[in-house]
Amino acid sequence: MKKLFYLFLPLLFASCSNQSEHEIIFQSKVISENWEFSEAGKSEWHPAKVPGSVHMDLFHNQIIADPYFENNELKQRWIETKNWTYRTTFEVDSLNLSAQRNNLKFNGLDTYAKVYLNNALILTSNNMFRTWEVPVHDLLQLGMNELRIEFESPINHNKEAVKNYPYTLPSGNETADIEPKVANFTRKAAYQFGWDFAPRFVTSGIWKTIQLQDWNYARITNVYTYTKAIEEGIAFMETEMEIEAIETGQYELEIDGIRKVKELKAGINVVKHSFEVKNPNLWSINNEDPNYLYKQIIFLTKEGKKAFYSQTEFGIRTIELVNEPDSVGTSFFFKLNGKKIFAQGANYIPQDVFLSRVTPAKYEKLIQQAKTAGMNMLRVWGGGIYEREIFYELCDKYGIMVWQDFMFAGSLYPESEEFTANITQEVIENIKRLRSHPCLALWCGNNEQEVAWKNWGWQKQFGYSPEDSAKIWNYQQYLFRDLIPKLVAEHSSTIDYTPTSPLSNWGTAENFNHGSMHYWGVWHGKEPFENFEKNVGRFMVEYGFQSFPSLETLKKTMDDSSLYLNSIAMQNRQKSYIGNGLIEEHIKQYFDAPSSFEEFVQLSQETQAKGLKMAIDAHQRRRPYCGGTLFWQLNDCWPGPSWSVIDYYGNEKIAYEVVKKAFN
């Protein structure tokens, strides 16, 4: 059994000589080795990679073929209906046990899991988007300890809940002919249940790290540094810290060299520190200056004994959404550091269905591509995930603002005390995790829920009476116009909130004068590209046109015998209900009919490029009436036709160069 490595965070406390060298300060052990997994009820165990997913573990053990190859998506549906067990052992020594506190921190469990430490149940999880932390001091034993996690199929878990709910609620992303549809009852990434650009792989597993944390005295659990105001060359800043103390007493805080003595009570304490920065170097969009991120160092000691050390970065800036009545309707634009800007960029989706495969290098490459293309805003779309820290760090670094959706998209959600409590904690945790990033420009409640309720005919489709409709819709309104904005105001008051995107539907000309717009007349409305030029809203959040990835990309997951438009495998690649036919129609408007599939692929990209150019040019010409343009979509989560300008493998389509030229 290998001994797992330690991350010693408080190295800068070495100068405190009055503390025993055998005393725990704060340390975190990542439990990532010696994992194995099994289908529940079976005795055969296989090696597992953690973080990971059951699909990838099955693939790495050659139990299944590449999920993305040909039609394996359809052949591997059985995996989502099974329960799976993961287990490992890890070593604990006397130094670990000497700590006053030992916690196990689960940064991401997907999704319904029971966690056992040395056969004692310590956690029942029900949300992929949450972090779970459990005190385990009394359960740890000297030597080897066993950690076991039993995952229940999300399909199995929610069957009865869906069946017994008084109404059928639309789960807008689930296009597969599979019942019951449980995505909207399940707090996990919705696109993994399928979308019009994504395959259906309903995953389970340990998708983020697990840590054993040992500590004494107190620890800092959150640091939030933000700009209160910038006036006459002075930035007025505040740092808000959450400090968990084991015992009530006096503690010493040192923040950037300023020492303070604080009386802390046992439990969670909120401590604030105000400071000023003269002649600040402001964070701004597509910034080339390496000095616009400031480092902040915090020491926490107890009676001269080391407790905790924190080093973070912050940016100095103000971002404001201006969404108010004006002479032509209702504005929607952003001010950065007091100046109106034209937002230009794209909608971002997760880079893979199997999230553990997205390496830091892939994040770096994609955000670099966005920066090179002149983008200053990316929208993290609400059908995916709250992204990993590295995504926001890169956006901080390269000066790209982030429009952050909460993870609700195209569906209605079940009303219950348990569900409300669950998402309340989800929202709070993710606000606190992301709020310090200077790139964060906007919180958005959901994707397309209000426009769907008002325009997609759900009431008739699902047979809602007026009384049913009122009850169902009142709860949705409570979530996105009451609960979540209150949580944003409480925990992230300097970042604006909008309840949904879009605020206006493209169905009438008047609607283009008001708020945010998803314009899908070109595509779902089957309108010509020329309509991009006359249908310009106040802020264009979504619009676009599909193309195929290159033949080389398709060949990586398809047999040569399937490389034609009407093959069974190619038809399954196309997730849009009107995709291939609409692409063909638009190709014929601008080019001669393709003579081969390879030429079709090429012309699909040229057609997409033509459409995006017409749209972006129209939006830019209508400045300042139009406050921004974010096309759908930047990237892909698997190799197939979609609205992306960068394919699954990071290859740039023809439209990428068109966008780059337009934005630069």
Sidechain-backbone polar pair: [X] side chain, [Y] backbone, donor-acceptor under 3.5 Å:
| X | Y | result |
| --- | --- | --- |
| Thr420 | Glu418 | no |
| Ser331 | Glu324 | yes |
| Ser153 | Glu80 | yes |
| Lys181 | Thr168 | no |
| Asn511 | Asn505 | yes |
| Thr629 | Gln344 | no |
| Glu387 | Tyr392 | no |
| Asp57 | Lys49 | yes |
| Arg435 | Val488 | no |
| Asp196 | Tyr577 | no |

Would you say the side-chain atoms of [X] and [Y] include a donor-acceptor pair closer than 3.5 Å?
| X | Y | result |
| --- | --- | --- |
| Arg388 | Tyr363 | yes |
| His518 | Glu448 | yes |
| Asp405 | Asn447 | no |
| Gln449 | Thr500 | no |
| Lys432 | Thr221 | no |
| Asn635 | Gln351 | no |
| Asn158 | Tyr112 | yes |

ask   = For the side-chain hydrogen bond (donor to acceptor under 3.5 Å, both in side chains) test, which of Gln574, Arg573, Gln571 pairs with Asn580?
value =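 Considering Gln574, Arg573, Gln571, a side-chain hydrogen bond (donor to acceptor under 3.5 Å, both in side chains) with Asn580 is found only for Gln574.
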
ask   = Which of these passes side-chain hydrogen bond (donor to acceptor under 3.5 Å, both in side chains) with Tyr519: Glu527, Glu542, His619?
value =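 Single side-chain hydrogen bond (donor to acceptor under 3.5 Å, both in side chains) partner of Tyr519 among Glu527, Glu542, His619: Glu527.
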
Just how far is it from atom [atom1] of [X] to atom [atom2] of [Y], taken to the nearest 0.5 Å?
| X | Y | atom1 | atom2 | value |
| --- | --- | --- | --- | --- |
| Tyr464 | Gln459 | OH | CD | 8.0 Å |
| Phe631 | Ser644 | CZ | OG | 9.0 Å |
| Ser416 | Tyr165 | OG | OH | 7.5 Å |
| Lys105 | Lys208 | NZ | NZ | 10.0 Å |
| Asn126 | Asn422 | CG | CG | 4.0 Å |
| Leu169 | Trp458 | CG | CH2 | 9.5 Å |

task = Would you verify whether the NZ or CZ of Arg187 falls within 45 degrees of the ring axis of Phe408 while also being under 6.0 Å from that six-membered ring's centre?
result =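 Yes, a cation-pi geometry holds between Arg187 and Phe408.
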
Does any part of the side chain of [Y], heavy atoms only, come nearer than 4.5 Å to the side chain of [X], both counted from C-beta?
| X | Y | answer |
| --- | --- | --- |
| Val402 | Phe391 | yes |
| Pro350 | Leu355 | yes |
| Asn347 | Trp643 | no |
| Leu412 | Phe462 | no |
| His437 | Glu393 | yes |

Could you tell me which non-hydrogen atom of [X] sits nearest to which non-hydrogen atom of [Y], and how far apart they are?
| X | Y | answer |
| --- | --- | --- |
| Phe480 | Gly445 | CE2-O, 3.4 Å |
| Gln404 | Met407 | NE2-CE, 3.8 Å |
| Val645 | Gln608 | CG1-NE2, 4.4 Å |
| Pro639 | Leu554 | O-CD2, 4.5 Å |
| Leu634 | Ala346 | CB-CB, 3.8 Å |

Residues Val202, Gln192; criterion side chain to side chain contact (heavy atoms under 4.5 Å, CB included); working and verdict = CA-CA 5 Å; Val202 183; Gln192 294 177 336; 5.6 Å; no

ask   = Any chance NZ of Lys114 has more than 12 other-residue heavy atoms, nucleotides or ligands included, within less than 6.0 Å?
value =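 Result for NZ/Lys114: open.
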
Residues, nucleotides or ligands: over 12 heavy atoms within 6.0 Å of Lys82 NZ =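 Incorrect, the count does not exceed 12.
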
task = Could you walk me through whether Asn173 and Ser411 pass the side chain to side chain contact (heavy atoms under 4.5 Å, CB included) test, one step at a time?
result = CA-CA 8 Å; Asn173 56 304; Ser411 298; 3.9 Å; yes

ask   = Can you tell which of Glu70, Lys75, Arg77 makes a side chain to side chain contact (heavy atoms under 4.5 Å, CB included) with Glu73?
value =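 The option that passes is Arg77.
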
Please confirm whether the ring centroid of [X] lies under 6.0 Å from the ring centroid of [Y].
| X | Y | value |
| --- | --- | --- |
| Phe151 | His157 | no |
| Tyr68 | Tyr648 | yes |
| Phe197 | Tyr191 | no |

key: Pair Leu123-Leu104, side chain to side chain contact (heavy atoms under 4.5 Å, CB included): steps then yes or no   = CA-CA 10 Å; Leu123 171 66; Leu104 274 174; over 6 Å; no

message = Taking ring pair (Phe, Tyr, Trp, His ring centres under 6.0 Å) as the definition, give me every residue that meets it alongside Tyr116, ordered by chain and number, with sequence neighbours left out.
response = none

query = Could you walk me through whether Leu442 and Thr498 pass the side chain to side chain contact (heavy atoms under 4.5 Å, CB included) check?
reply = CA-CA 8 Å; Leu442 183 70; Thr498 187; 3.8 Å; yes

query = For Arg538, what residues pass the side-chain hydrogen bond (donor to acceptor under 3.5 Å, both in side chains) criterion, not counting sequence neighbours?
reply =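 Partners of Arg538 by the side-chain hydrogen bond (donor to acceptor under 3.5 Å, both in side chains) criterion, ordered by chain and then number, come out as Asp326.
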
task = Output all residues satisfying side-chain hydrogen bond (donor to acceptor under 3.5 Å, both in side chains) with Glu510, sequence neighbours left out; order by chain, then residue number.
result =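 With sequence neighbours excluded, Glu510 shows a side-chain hydrogen bond (donor to acceptor under 3.5 Å, both in side chains) to Asn513, His514, given in chain and number order.
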
query = With the threshold set at 4.0 Å, does a side-chain nitrogen-carboxylate oxygen contact exist between Asp647 and Lys653?
reply = no

key: For Trp632, the option from Tyr348, Tyr543, Trp381, Phe545 that meets ring pair (Phe, Tyr, Trp, His ring centres under 6.0 Å)   =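 For Trp632, the ring pair (Phe, Tyr, Trp, His ring centres under 6.0 Å) check succeeds only for Trp381.
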
